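Below, all heavy atoms of this structure are taken into account, side chains as well, without hydrogens, waters or symmetry copies. Remember, it's 1-based here, ligands and their atoms both numbered in the order they're listed. The model shown is predicted, which means the values in this text are computed figures rather than measured ones.
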Amino acid sequence: MTSRFTHKHLIQASSLSSEDISFLFDRTSFYLSHLRSSAPKRQELSGISLVFAFFENSTRTRMSFETAARELSADLYSFQAQASSTNKGESLLDTIRNLEAMRRLKILIMRHPHSGAPDFLSTRVQCSIVNGGDGWHQHPTQGLLDAFTLKAYFGEIQSLRVCIVGDILHSRVARSNIEILKTLGAEVAVCAPGTLLPRALEAFGVRVFHHIDDAVAWADALNMLRIQNERMDSGLLPFTEYPSNFGLRMEKLHTRQPVILHPGPINRGVELSSEVADSSHSLILQQVEHGVAVRMAVLASIAENLRL
Ligand code: CP
């Protein structure tokens with residue numbers, strides 16, 4: 001397997017060409033087979049130190065990157081953001097420069113509530129930066145794992161109809177998904193109340209639906225986003241009407257059965273009923289499994305460039 005992935009960082013999905021994504025997907029398939037086997041750990045990250053700096057809560061992204069890094073034999077260092085001197089007012093840049101001064105940090109995997117934080121750091125520090133989600137902006141490995149899951153299910157992404165449903169306004173997952181899916185030739189739509197759509201929506205180049213029934217009628221796959229209460233100003237959401245107009249229950253799937261994705265965590269009973277989330281239409285746990293293999297592919301590819 002030769003590297004054609006030349007990126008030092010992975011910060012936003014728009015930096016990835018279709019060739020980059022194909023390369024990462026080939027590698028993801030390889031690592032998925034590895035994960036499903038009882039083969040010993042691989043050595044691609046042996047001798048490479050990774051620091052996790054998560055300034056926002058995470059279950060899937062954090063544990064998935066950690067599983068991926070351990071499976072590739074990385075040296076892991078965990079920076080506890082909540083218990084760090086950032087709480088005394090130390091800046092993000094000073095914090096990461098101090099970690100670099102300890103001479104081991106090669107790859108920083110970070111999540112931050114402020115859009116643009118990884119991009120800001122990438123021009124000011126020496127290490128590689130992998131974005132595990134920044135504010136409303138980007139979540140590139142989530143976009144990759146969602147697209148990989150669709151490719152694994154349908155065989156091809158080209159001309160696939162994918163509708164992203166819910167809180168598009170606050171969603172880094174939506175932004176990364178739209179960029180990756182369009183790069184791969186999918187037809188992409190969004191479905192949301194007007195108050196949860198970005199103002200500059202035309203720049204996204206997507207169709208727009210305003211009722212879940214229209215999305216179900218059109219799509220091969222629905223990516224149901226979490227309602228992000230922590231980023232929501234009061235008044236943006238018709239909360240009592242949301243489940244019936246934008247949520248998915250089993251009775252909505254009687255005439256057509258698009259497959260269902262959700263990045264997690266799910267608000268059961270709001271964007272998805274439990275019956276749908278746990279049904280045969282749902283690819284949600286496959287997304288999680290694929291996420292580890294995608295992150296192995298990303299980390300191994302970036303590490304290869306570090307060794308050149
Ligand atoms: N999908 C996702 O980013 O989940 P976490 O917030 O749990 O990492």
Worksheet item: Under 6.0 Å from the CZ atom of Arg199, do we count more than 12 heavy atoms belonging to anything else shown?
Response: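 Not more than 12 within 6.0 Å, no.
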Can Ser122 and His9 be counted as having a side-chain donor-acceptor contact under 3.5 angstrom?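 Side-chain D/A pair, Ser122 to His9: absent.
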Students often mix this up, so state it plainly: with edges at 30° and 60°, are the rings of His34 and Tyr31 parallel, tilted or perpendicular?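 Perpendicular.
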Which donor-acceptor pairs under 3.5 Å do the side chains of residues 203-210 make with protein atoms, sequence neighbours left out?
| unit_1 | atom_1 | unit_2 | atom_2 | d |
| --- | --- | --- | --- | --- |
| His210 | ND1 | Ala192 | O | 3.0 |

Close aromatic pair by centroid cut-off 6.0 Å: Phe55 and Phe79: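 Yes, close enough.
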Item checked: Every residue of the protein that comes under 4.0 Å of ligand 1, judged on heavy atoms ->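 Answer by chain and number: Ser58, Thr59, Arg60, Thr61, Arg111, His139, Gln142, Pro263, Gly264.
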- Query: Can you tell me how far the CG atom of Leu144 sits from the CG atom of Asp20, to the nearest 0.5 Å?
  - Reply: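 If I round to the nearest 0.5 Å, the distance is 9.5 Å.
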